[in-house]
Amino acid sequence: MTDDPLALTSRRIFLTEPPPDFDFDRDLVVGPWCFVGAEDRFPGWDRLPFEEPIRSPAELKSACDDTEQLALLTAERLGQDIDLGSGGSHGSRYWRSLLYVWLMTCAQLLWRRYLYVSAMVERHGNEPFSVFVHPDRRAWPSLEIEEFYQRMNRSRLFDHWVSSIIVRELCPPSWQLIEIREKPEPDLPTGCPTVTRSRLRQLLGHLPFNHAHGVRVWKLPFSVMLSLLPRSTHLSDQTETETIDRNIEDRFPDAFLRLYGRLVSATRPACYGADFSRWDAWASRRRFAPGRLFVDNLGSQLTENNFLTAIALERGERVVGAQHGGHYGTSIATPVPAHSEYAGHAFLTWGWKEQEDAAAKFVPVPSPHLSRIRNAHGRQNQKLIFIGTCMEVYGHRFHSDPSLSRWLVYRRMKREFVGGLNGAIREQLAYRPYEKIKTLLDAPYLQRSFPDLKVLEGPLVPEMLRCKLAVIDYPGTSFLEALAANVPTIAYWNPDDWPMSRQAAPYLDALADCGLIHRDAPSAAAKVNEIWDDIEGWWRSEAVQSARRAWCHRYARTAMLWQWHWAKALWQLARGPGTVSSIPDPIPGSAKSGS
């Protein structure tokens with residue numbers, strides 16, 4: 001390492017946002033995330049040749065599976081250490097429920113970034129570079145798990161530090177490391193249970209129905225119902241079924257494992273360390289009922305919920321998870337649900353029963369969220385709404401979505417779609433971005449090519465229910481909402497960028513056969529041009545509606561009285577072992593209605 005500016009080589013590598021004098025011909029950045037928030041200062045940056053270490057759905061799934069197993073093994077080991085230090089006696093289910101999501105996020109964040117740095121070292125390791133790294137530090141303290149996710153999603157300094165520790169580990173002799181001092185960031189918000197809520201929990205215990213997307217005012221009636229339902233005495237429902245690959249560390253380089261241990265130690269929240277006994281005691285004082293169903297989210301990022309759920313599992317309550325958005329059932333990679341949300345007594349889905357090879361008791365029920373907009377489309381304007389998703393090029397997890405550099409291709413496809421529309425149709429176009437902190441911006445990107453493009457802001461669903469046509473370029477929650485509401489919809493995405501589960505294939509094929517789904521932007525634009533003068537005639541055709549109904553019944557199920565279906569499913573689950581009955585799935589292309 002050197003601090004002498006005269007000793008610097010003329011070529012530079014940046015691990016975070018580069019300076020204004022960045023030279024496109026000589027300098028390098030480690031990945032596309034380095035330009036997030038600074039795109040307007042570096043025109044043409046998105047044409048740079050970025051490394052892409054994960055190139056196929058098979059590699060994505062392998063990376064996801066391996067890091068999941070590493071997190072499971074780490075949760076078991078760390079839990080035993082915490083137990084020894086606190087004098088506790090918790091079991092493996094408790095520790096997996098409490099620690100898995102944090103450890104999995106650490107493993108996937110670090111492994112993806114490790115692969116990027118390794119690819120850069122392999123390609124440029126023999127060339128002289130000055131590499132600008134974050135000053136070394138031992139810890140990024142946080143009180144609770146919420147702060148860890150705040151830092152991961154918002155802090156450029158933390159992200160720069162993660163890349164820097166990898167470069168320090170893998171640095172070839174021809175690279176010179178230069179520490180750079182950066183301005184401190186504002187403190188992150190903290191969270192803890194309020195006094196009022198804590199006292200209420202002390203009086204009432206915890207509500208047996210704690211969380212499910214869209215349930216709202218029905219939480220209390222369902223909680224009363226769960227309190228009155230039978231409590232299963234079948235202890236087999238609570239036995240350990242999780243298998244851990246105890247040789248998983250053999251699949252990773254020693255250097256990565258050292259860095260992983262360091263990242264876990266540096267980001268370990270106080271609630272899993274010095275404050276563990278206080279949080280554990282707080283949750284343990286709640287009243288739990290062995291054998292009772294407890295509906296909650298096992299994959300929570302809230303400290304309070306994590307401790308309550310872990311204790312509920314250990315006290316013998318049967319935790320039931322519930323789907324709360326898109327990608328469930330349809331994706332091949334499920335980093336959070338596979339070993340957390342799916343690991344409870346059962347998981348309530350929006351209609352599907354299988355997702356790749358995931359092992360769980362999946363119970364199809366109508367979605368409360370989607371049921372509120374069931375067949376609710378009523379055209380009131382001539383708008384064509386073009387709906388995008390957030391482009392998370394930081395890549396903290398291995399999801400079934402575009403690789404980090406492929407997000408740039410995804411964004412360019414938007415420009416191809418808008419450019420492919422007839423002029424009169426484009427006048428009716430309004431683009432709805434999904435922009436968050438630390439994501440690429442798409443509305444300004446599109447407006448550089450189409451200055452008159454209107455941008456739609458505010459709640460999306462009410463606008464969809466009034467529009468003439470919705471166009472969606474990703475298979476997420478908005479796609480499910482549009483089809484459940486019977487909004488005339490055209491969708492497109494590259495299937496290699498959004499790898500889907502094998503169970504979803506026949507339903508996707510049926511949607512493609514009727515022209516609803518397309519593989520690329522030009523094809524989707526051509527379809528819009530073709531049907532624009534008679535969208536209702538196309539949308540109401542039997543081929544389109546049959547494919548839509550089959551998809552909705554399987555992946556976006558709705559019902560006018562969804563409460564009855566949920567009550568029936570919970571009642572059957574409360575009775576103990578056995579299969580929960582459900583409506584048979586329609587065959588894609590049949591006329592049977594499920595939505």
Check step by step if ring-ring contact (aromatic ring centres under 6.0 Å, His included) holds for W111 and F398.
-> CA-CA 10 Å; W111 184 231; F398 293 115; 8.1 Å; no
Mark yes when over 12 heavy atoms from residues, nucleotides or ligands other than R412 sit less than 6.0 Å from its CZ; otherwise mark no.
-> yes
So, for V264 and C106, which heavy atoms are closest and what is the spacing to 0.1 Å?
-> CG2-CB, 4.4 Å
Counting only N and O atoms by type, is there a donor-acceptor contact under 3.5 Å from the side chain of E169 to the main-chain atoms of F256?
-> no
Does one side chain, of Q108 or T67, offer a donor that lies under 3.5 Å from an acceptor on the other?
-> yes
About how many Å separate CG of L99 and OG of S340, when rounded to the nearest 0.5 Å?
-> 12.5 Å
Taking atom CG of N494 and atom CZ of R406, what is their separation to the nearest 0.5 Å?
-> 5.5 Å
Would you indicate whether D21, at its atom CG, is surrounded by more than 12 heavy atoms from other residues, nucleotides or ligands within a distance under 6.0 Å?
-> yes
Rounded to the nearest 0.5 Å, what separation is found between the CD1 atom of I180 and the CZ atom of F132?
-> 7.5 Å
Can any side-chain N or O of R11 pair as donor or acceptor with the backbone N or O of R26 at less than 3.5 Å?
-> yes
Check T334 against C64 and note the closest heavy-atom contact, atom names and distance.
-> N-SG, 4.1 Å
Tell me, please, which residues at least two apart from H327 pass ring-ring contact (aromatic ring centres under 6.0 Å, His included).
-> none
Side chains of N305 and N297: closer than 4.5 Å at any heavy-atom pair?
-> no
Heavy-atom side-chain contact between W33 and R113 under 4.5 Å | yes
Classify the side-chain pair Y94/D83 by whether it contains a donor and acceptor separated by less than 3.5 Å.
-> no
Take atom CZ in F252; do more than 12 heavy atoms of anything else shown fall under 6.0 Å from it?
-> yes
Among F276, Y272, Y100, find the residue that satisfies the ring-ring contact (aromatic ring centres under 6.0 Å, His included) test when tested with W95.
-> F276
Begin with the C-alpha distance, continue with both residues' side-chain angles, and end with the deciding distance and a verdict on side-chain contact (heavy atoms from CB on, under 4.5 Å) for I311 and H90.
-> CA-CA 9 Å; I311 291 290; H90 293 298; 4.1 Å; yes
Can you see which heavy atom on T309 is nearest to which on S97, and at what distance?
-> CG2-OG, 4.0 Å
Output field: ring centroids F347/Y328 closer than 6.0 Å | yes
Please list, chain by chain and in numerical order, all residues satisfying ring-ring contact (aromatic ring centres under 6.0 Å, His included) with H518, sequence neighbours excluded.
-> none
Backbone N or O of F158 within a donor-acceptor pair of the S155 side chain at under 3.5 Å?
-> yes
Y260 and Y114, any side-chain heavy atoms less than 4.5 Å apart = no
Can you tell if the side chain of W279 reaches within under 4.5 Å of the side chain of E304, non-hydrogen atoms only?
-> yes
In terms of side-chain heavy atoms, does Y431 have a donor or acceptor partner in D442 at a distance below 3.5 Å?
-> yes
Can you tell if the side chain of Q323 reaches within under 4.5 Å of the side chain of E341, non-hydrogen atoms only?
-> no
Show the numbers, then the answer: is there a side-chain contact (heavy atoms from CB on, under 4.5 Å) between M104 and R397?
-> CA-CA 8 Å; M104 178 274 300; R397 292 177 180 161; 3.9 Å; yes
Considering residues, nucleotides and ligands other than E416, do more than 12 of their heavy atoms fall under 6.0 Å from its CD?
-> yes
Mind checking whether P495 and R519 have side chains closer than 4.5 Å, heavy atoms only?
-> yes
Steps toward salt bridge (charged side-chain N to carboxylate O under 4.0 Å, His left out) verdict (R112, E392) | CA-CA 13 Å; R112 189 192 288 271; E392 298 181 307; over 6 Å; no
Under-4.0 Å salt bridge between R262 and D136 | yes
Is any side-chain heavy atom of L421 closer than 4.5 Å to a side-chain heavy atom of F417?
-> yes
If you count the non-hydrogen atoms of other residues, nucleotides and ligands that lie under 6.0 Å from CG in N126, is the total more than 12?
-> no
W407-Y474 aromatic ring centre distance below 6.0 Å = no
Which heavy atom in E59 sits nearest to a heavy atom in R55, and how many Å separate them?
-> OE1-N, 2.6 Å
Describe, in one word, how the ring planes of F386 and Y492 are oriented to each other, choosing from parallel (under 30°), tilted (30 to 60°) and perpendicular (over 60°).
-> tilted
Worked verdict on I13 versus V167 for side-chain contact (heavy atoms from CB on, under 4.5 Å) = CA-CA 11 Å; I13 293 177; V167 168; over 6 Å; no
If you look at every heavy atom in Y410 and G388, which pair is closest and at what distance?
-> OH-CA, 3.8 Å
Stepwise side-chain contact (heavy atoms from CB on, under 4.5 Å) check, D245 with L73 = CA-CA 8 Å; D245 182 355; L73 183 61; over 6 Å; no
Determine, using ring centers only, whether H213 and H324 are less than 6.0 Å apart.
-> no
Atom SG of C34 and atom CH2 of W45: how far apart are they, to the nearest 0.5 Å?
-> 9.5 Å
Keeping the roles fixed (side chain from D275, backbone from R278), state whether a donor-acceptor pair exists under 3.5 Å.
-> no
Could you tell me whether the side chain of S265 and the main chain of G261 form a donor-acceptor pair under 3.5 Å?
-> no
Does any N or O in the side chain of E314 come within less than 3.5 Å of the main-chain N or O of G91, such that one atom is a donor and the other an acceptor?
-> yes
Residues L408 and F50: closest non-hydrogen pair is CD1-CE1, 3.8 Å
For F362, all residues meeting ring-ring contact (aromatic ring centres under 6.0 Å, His included), sequence neighbours excluded | Y342, W352
Heavy-atom check, side chain of R448 versus side chain of R415, under 4.5 Å | no
Counting N and O atoms only, with roles assigned by atom type, does the side chain of Q150 sit under 3.5 Å from a partner on the main chain of E146, one being a donor and the other an acceptor?
-> no
Kindly say whether M391 contributes a backbone atom to a donor-acceptor pair with the side chain of T439 at under 3.5 angstrom?
-> no
So NZ of K438 and NE2 of H396: to nearest 0.5 Å the spacing works out to 4.0 Å
Does E356 use its side chain to pair, donor to acceptor, with the backbone of R502 at less than 3.5 Å?
-> yes
Are the side chain of E39 and the backbone N or O of L441 linked by a donor-acceptor pair below 3.5 Å?
-> yes
From S89 atom OG to L84 atom CG, the distance as rounded to the nearest 0.5 Å | 11.0 Å
